[in-house]
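Notes to accompany the following structure.
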There are 2 protein chains.
Amino acid sequence: MGNRFLISFSYEGTNFHGYQKQGKLRTVQKEIEIVLKKINNNQTITIYAVSRTDKKVHALNQFAHFDLKINIKPDKLKRAMNTYLPEDIYIKTVKIVPADFYARYRAKKKEYEYIIETGEYDLFQRNYIYYFPHKLNIYQIKKALKQLKGEHDFTSFVSAEETRENKIRTIYKASVKKKKTLIYFNFQGNGFLKYQIRNMIGTLLMVGLGKKKPEDIKVILENKDRRSANKTANPEGLYLKNIWFD
Amino acid sequence: MGNRFLISFSYEGTNFHGYQKQGKLRTVQKEIEIVLKKINNNQTITIYAVSRTDKKVHALNQFAHFDLKINIKPDKLKRAMNTYLPEDIYIKTVKIVPADFYARYRAKKKEYEYIIETGEYDLFQRNYIYYFPHKLNIYQIKKALKQLKGEHDFTSFVSAEETRENKIRTIYKASVKKKKTLIYFNFQGNGFLKYQIRNMIGTLLMVGLGKKKPEDIKVILENKDRRSANKTANPEGLYLKNIWFD
């Protein structure tokens, strides 16, 4: 009896210590599991998400699956979850999937966005956009992004805390666009490692400032050494935007 | 010795009990005065703002004046204030004004904006835009706004808590525009009374839903009775946008 559910949800990362459960800290996983336990007659439920976003990083569309033994329709489950969840998490869709659907393994493409303000400080954006008030050469950044596209060993851009051995990933799309004083980076790939995007952004900003050349990216990748890249960009500009399944 | 300063500042109203000091409650005035006391060698400073915004209402450009006996340049004062202020208040400009410049009496025009989301719920906007997922007839709202323009006794749209006797004010501009599912109201006038804009919005939304006619506005104004208008719209959609001085 019961069903496996796949949910999509958004959250504002500001007041979370990231997605994943960590003891008593306030995390997205913990808040959702507290609510599901309530709905599931006080029986503990574990949820399995696709991406582990870090502290203060946002999600527009995160996905997770879990099993419920009780019978409940997707629409009713969505309503119940949103009723009990805190206001910085919102369940967008709920659907029943086959009992062997494992969300993380079925995810074939992930999209992240990173937003930067280069103009005037706006306090309303302090938790949502990285404030970096410098003139950036977008043309040079575009050339650097081309070096990141494709299949690479991303060791130089990965946190020492990353536990996964294999650092080879494929980036399908790496783009940047400017709208007035805002800069939007967009990355699509088969997967991203811990701090990978924020470390790539940190280095891309150095390229934009003229402190690194676009060609340096190739060398940094080849070095396979975190010390050859620049420092990690702030979390508040990063959004898990979408996930596609096969 | 010393100078009178005029500051412009923005704040996110979410975590404030409004602008004005109220005992131990966290208010914008209180936070700014705490910081000025620190800068002013521990001597208390009172600031005099132009508008008293309510709990959860935002300001893009609020203004206030105050006197400092110490000698400090405007640029340095701005930097010092922003260093000590909490992150939901930001000082935008600081300038020295004549010793008899009283900001509230010199303000000749104030502008407020009210933003509504009529489409999909977006948790990132929950503190910044009023969520009202209904189809609104903008054409009818525009007709109603015309009735509000000009000089009127706004008693029907004013909170019982308003202490000012004279309820006559002039609205120079009252407009609405739609951008996709967002609705932006803009009001400019010589002054607005407590809850006046939120009460006007509450009634304008009823016009947009077809539950009131544009012509009803005229009758409501003539009634001079708060009960003839509709309920107060939420604070999170309201912004004090600008103030002009003579």
Side-chain angles (χ1 to χ4, degrees), chain A residues 7-16 19 28 31-32 35 53 56-62 75 78-79 81-94 113-115 117 119-131 133 179 182 184 234-242, chain B residues 7-16 19 28 31-32 35 53 56-62 75 78-79 81-94 113-115 117 119-131 133 179 182 184 234-242:
Chain A
I7 58 172
S8 74
F9 51 109
S10 57
Y11 47 87
E12 176 184 338
T14 312
N15 297 314
F16 290 111
Y19 168 77
V28 179
E31 293 294 327
I32 295 178
V35 164
T53 57
K56 293 182 189 290
V57 171
H58 313 293
L60 300 176
N61 287 291
Q62 165 76 287
D75 268 13
K78 176 183 162 177
R79 231 171 12 247
M81 290 181 78
N82 282 327
T83 301
Y84 296 125
L85 279 168
E87 60 173 15
D88 45 4
I89 304 176
Y90 181 70
I91 308 298
K92 297 175 82 169
T93 63
V94 175
E113 187 161 69
Y114 194 97
I115 315 176
E117 174 61 80
E120 216 183 327
Y121 177 70
D122 175 3
L123 74 81
F124 290 92
Q125 298 298 357
R126 71 193 182 282
N127 296 321
Y128 311 112
I129 295 182
Y130 176 41
Y131 181 58
K179 272 189 196 172
L182 291 166
Y184 295 83
N234 284 20
E236 69 271 15
L238 184 57
Y239 293 76
L240 168 57
K241 199 171 177 187
N242 218 342
Chain B
I7 58 171
S8 73
F9 51 109
S10 56
Y11 47 87
E12 176 184 336
T14 312
N15 297 314
F16 289 110
Y19 169 77
V28 178
E31 294 294 327
I32 294 178
V35 164
T53 58
K56 292 181 189 292
V57 171
H58 313 293
L60 301 176
N61 287 292
Q62 165 77 285
D75 267 13
K78 176 184 163 177
R79 230 170 14 247
M81 290 181 77
N82 282 326
T83 301
Y84 296 125
L85 279 168
E87 60 174 14
D88 44 4
I89 303 177
Y90 181 70
I91 308 297
K92 298 175 83 169
T93 64
V94 175
E113 185 161 71
Y114 195 96
I115 315 176
E117 173 61 82
E120 215 182 325
Y121 177 70
D122 175 2
L123 72 82
F124 290 91
Q125 299 297 0
R126 69 192 183 284
N127 296 322
Y128 310 112
I129 296 182
Y130 175 41
Y131 182 57
K179 273 190 195 170
L182 290 167
Y184 295 83
N234 284 21
E236 68 270 17
L238 184 59
Y239 293 77
L240 168 56
K241 201 171 176 186
N242 219 341

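Here is the naming used below: chain letters follow the sequence lines, and residue numbers restart at 1 for every chain. Scope of the values below: all heavy atoms of this structure, side chains included, with no hydrogens, waters or symmetry mates.
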Shortest non-hydrogen separation from Leu123(B) to Ile89(A) and the atoms involved: CD2-C, 3.7 Å
Non-neighbouring partners of Glu236(A) that pass salt bridge (charged side-chain N to carboxylate O under 4.0 Å, His left out), sequence neighbours left out: none
Tyr121(A), OH atom: more than 12 neighbouring heavy atoms under 6.0 Å: yes
Heavy-atom pair with the smallest gap, counting every atom of Arg126(A) and Asp88(B): NH2-CB, 3.7 Å
Toward chain B, the part of Phe9(A) with a non-hydrogen atom under 4.5 Å: neither
Which residues share a ring pair (Phe, Tyr, Trp, His ring centres under 6.0 Å) with Tyr184(B), sequence neighbours left out: none
Phe124(B) and Tyr128(A) aromatic ring geometry - parallel, tilted or perpendicular at 30°/60° bounds: perpendicular
